[in-house]
Amino acid sequence: MEKNEILQDYFNNGNIDIEKFINKYYGYVFIVVKNYKNINMSDEDVEEIISDVFFAIWKNSKTINKDTIIKPYLLGTIKNIIIKKCRKHNINYSLDEIGDTFHDKFNIENQLIEDEQLDIIQNTLKDVSKDEYNIFILYYYHSKKIKEISVMLNISESKVKVTLFRLRKRIKKELKKGGFIYE
Amino acid sequence: MNNANIDFEKQIEKNVIEKIASYNLKEELNNKINENETMNKKSHIQIIYTILSVAAVFILCGIVVVDNNIMQNPIFIGAKETNDNELNNESVENTISVSTTSNIEYILNTVDKDKIFYTNNSSDETSCFAYEPNIENLYKNSSIVFVGSFIEDVESYNDAPLIRTKTKFSVSQVLKNSSDINIEDTIEFDRLGGVLTLEEYMKDNPYIREDEFTDVPANKRDEYYIIQDEIPIDKKDKLDFSNNEAKYIVFLEDSGNVLRLNTGYYGIRVLNSENEIYDYDTDKYIDNEVSQMIK
């Protein structure tokens, strides 16, 4: 009988190894999402939901109990994400789908605000150059230092600094256009 | 798992990584998390004005050749004339990818004042020009004239004793092209001014005096910056590249291997909403034969 894996199995130095997690559970999540009852979804919707599921796992990984068994937790997360997506697109779904996943209004609004901010940032990233994108990911996902990035990409530290400075400025500008105020 | 599924999984992974990175940036913006030591804002900014007499001498007594043939011996107003091969083989090696205007702002906002050496060696009415740098003369003596907008300063490099910056513009209209260069949607050219670390600036620079920068330890020179600003302080609002909507008319000379701005900052002029061209000397917008070519 296959052992029920727990979240702790995917932690490394206090952080979840999300790439390892995706590698293991992508297939499972894909099948669950694709076959979710009563809802027809396009490939784009499926891609978005699966991405959101793993993002949610990463985001909650710091607070959730690390002894949590993964599969049921994944199922609950998938349901939440799909409900959120249906709500966003005004798709009707049965009440028993809500069940114990009801969130109060405050959390929903906060979640929507955050989703919008992330959408704006990701849309901005679609228009950046490959170098700018790589620097952004190395700094904000891999948490590399400026010096490390300059060595990895064989560019000057100043170029890394300036690129990050410009990216932040550009993203802030887009966020401001979206109604979010930043200094 | 077939290739389509593998690609889909890779796309998911990319989406998730991007989303996590975006989230971390959002948190940083929301919480104003302190950046690492190389990007933190410092408490004091002190700008030290120094006159580089050597650079001033070269600018005031620039090497120029003017004859009636527009195409012969491209005119460069300014400092020493460098051999373009030297420029390509040596100076470009000492490059640092730091832009001019926006990066001056960045350096000024993030670096200790006492770690910045700022010089403003703009060409002005006391400079020696081969011809009066009015719009008509610039048009006549330029290989390329175009209308466009600033995209970015690609990188600054050491052309001792000067710093130059490779700048990229978008091109919306070509008014003149007597060069062999095929101009597309964007164009890159060199202009005077830029930012380098002191280390980069001093490397192989024969113009550094013995008593210059001696108070900076050799192992700290990459923490200090030289800013050479070619734009006069009172004209900076007319060359505000942070304004993404500003349109400029740009006059370039073809120096063989590289396109250069003709007569320094005089070679870039902002346009107003009626496509009139800004004149630095009269501080007015001018409508003339050249401006009437602009659509």
Side-chain angles (χ1 to χ4, degrees), chain A residues 18-19 21-23 26-27 29-30 43 46-48 50-59 114 117-126 131 133 136-147 155-169 171-173 175 180 182-183, chain B residues 1 4-32 35-40 94-100 102-107 109-111 151-157 194-197 199-200 222-223 225 242 244:
Chain A
I18 195 65
E19 289 169 69
F21 191 88
I22 292 171
N23 193 257
Y26 159 76
V29 172
F30 179 85
D43 286 347
V46 170
E47 182 184 321
E48 191 182 322
I50 296 175
S51 301
D52 285 351
V53 165
F54 287 115
F55 174 68
I57 298 291
W58 171 83
K59 194 176 156 197
E114 180 177 284
Q117 287 173 321
L118 293 182
D119 280 344
I120 289 172
I121 295 172
Q122 285 184 276
N123 278 335
T124 309
L125 289 175
K126 284 180 188 159
D131 281 346
Y133 184 85
F136 179 83
I137 295 296
L138 283 169
Y139 189 82
Y140 283 106
Y141 172 73
H142 294 285
S143 301
K144 295 292 181 191
K145 298 271 187 260
I146 304 266
K147 204 173 180 93
I155 54 177
S156 67
E157 285 185 37
S158 290
K159 181 158 186 180
V160 176
K161 283 186 224 174
V162 162
T163 301
L164 286 168
F165 172 75
R166 282 189 196 151
L167 275 172
R168 264 190 230 109
K169 194 171 167 182
I171 288 169
K172 265 197 249 182
K173 187 177 168 184
L175 285 166
F180 300 99
Y182 292 94
E183 289 179 17
Chain B
M1 193 184 279
N5 280 338
I6 292 171
D7 289 342
F8 198 69
E9 184 183 342
K10 288 288 172 205
Q11 183 60 41
I12 297 291
E13 193 175 295
K14 180 177 179 282
N15 289 348
V16 174
I17 286 172
E18 197 178 279
K19 212 164 177 97
I20 291 170
S22 300
Y23 179 86
N24 287 334
L25 170 61
K26 178 197 75 78
E27 289 293 292
E28 182 185 275
L29 294 175
N30 286 343
N31 300 329
K32 296 177 189 172
E35 299 156 2
N36 66 40
E37 77 283 358
T38 55
M39 293 170 71
N40 275 349
N94 299 330
T95 60
I96 183 165
S97 299
V98 176
S99 74
T100 309
S102 60
N103 285 0
I104 287 176
E105 179 194 333
Y106 171 74
I107 297 298
N109 283 333
T110 61
V111 177
I151 295 177
E152 63 171 346
D153 284 329
V154 178
E155 59 185 1
S156 291
Y157 62 89
V195 181
L196 290 175
T197 64
E199 182 168 343
E200 290 290 344
D222 60 349
E223 296 173 23
Y225 292 85
S242 65
N244 295 334

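Protein chains get the first letters and strands the later ones, always in sequence-line order, with residue 1 at the start of each.
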Looking at A/E19, A/K59, A/E47, which one has more heavy-atom pairs under 4.5 Å with chain B than the rest?
A/E47
A/Y141 and its side chain to side chain contact (heavy atoms under 4.5 Å, CB included) partner, picked from B/I20, B/V16, B/N24:
B/I20
CZ of A/R168 to CG of B/L29: how many Å apart, nearest 0.5 Å?
7.5 Å
Can you tell me how far apart CD (A/Q122) and CG (B/L25) are? Round to the nearest 0.5 Å.
11.0 Å
Pair B/K26 + A/E114, salt bridge at N-O below 4.0 Å
yes
Could you state the interatomic distance from CD1 (B/I17) to CZ (A/F55), rounded to the nearest 0.5 Å?
13.0 Å
With a 4.5 angstrom heavy-atom cut-off, could you sort out which part of A/I22 is near chain B: side chain, backbone, both or neither?
both
Quick one: OG on A/S51 to NZ on B/K14, what's the gap to the nearest 0.5 Å?
10.0 Å
How many angstroms lie between atom CG of B/N15 and atom CD of A/E48, to the nearest 0.5 angstrom?
9.0 Å
Sub-6.0 Å ring centroid separation between B/Y23 and A/Y140
no
Per-residue contact mode, A/D43 against chain B (heavy atom under 4.5 angstrom)
backbone
Do the side chains of A/I121 and B/K19 get nearer than 4.5 Å, heavy atoms only?
no
To the nearest 0.5 Å, what is the distance between OG1 (B/T197) and CD (A/E157)?
9.5 Å
As an exercise: rank A/Y133, A/F54, A/W58, A/F30 by heavy-atom pairs under 4.5 Å with chain B and give me the winner.
A/W58
Can you tell which part of A/I171 gets under 4.5 Å to a heavy atom of chain B, answering side chain, backbone, both or neither?
side chain
Could you check whether any side-chain heavy atom of A/I50 comes within less than 4.5 Å of a side-chain heavy atom of B/F8, counting everything from C-beta outward?
yes
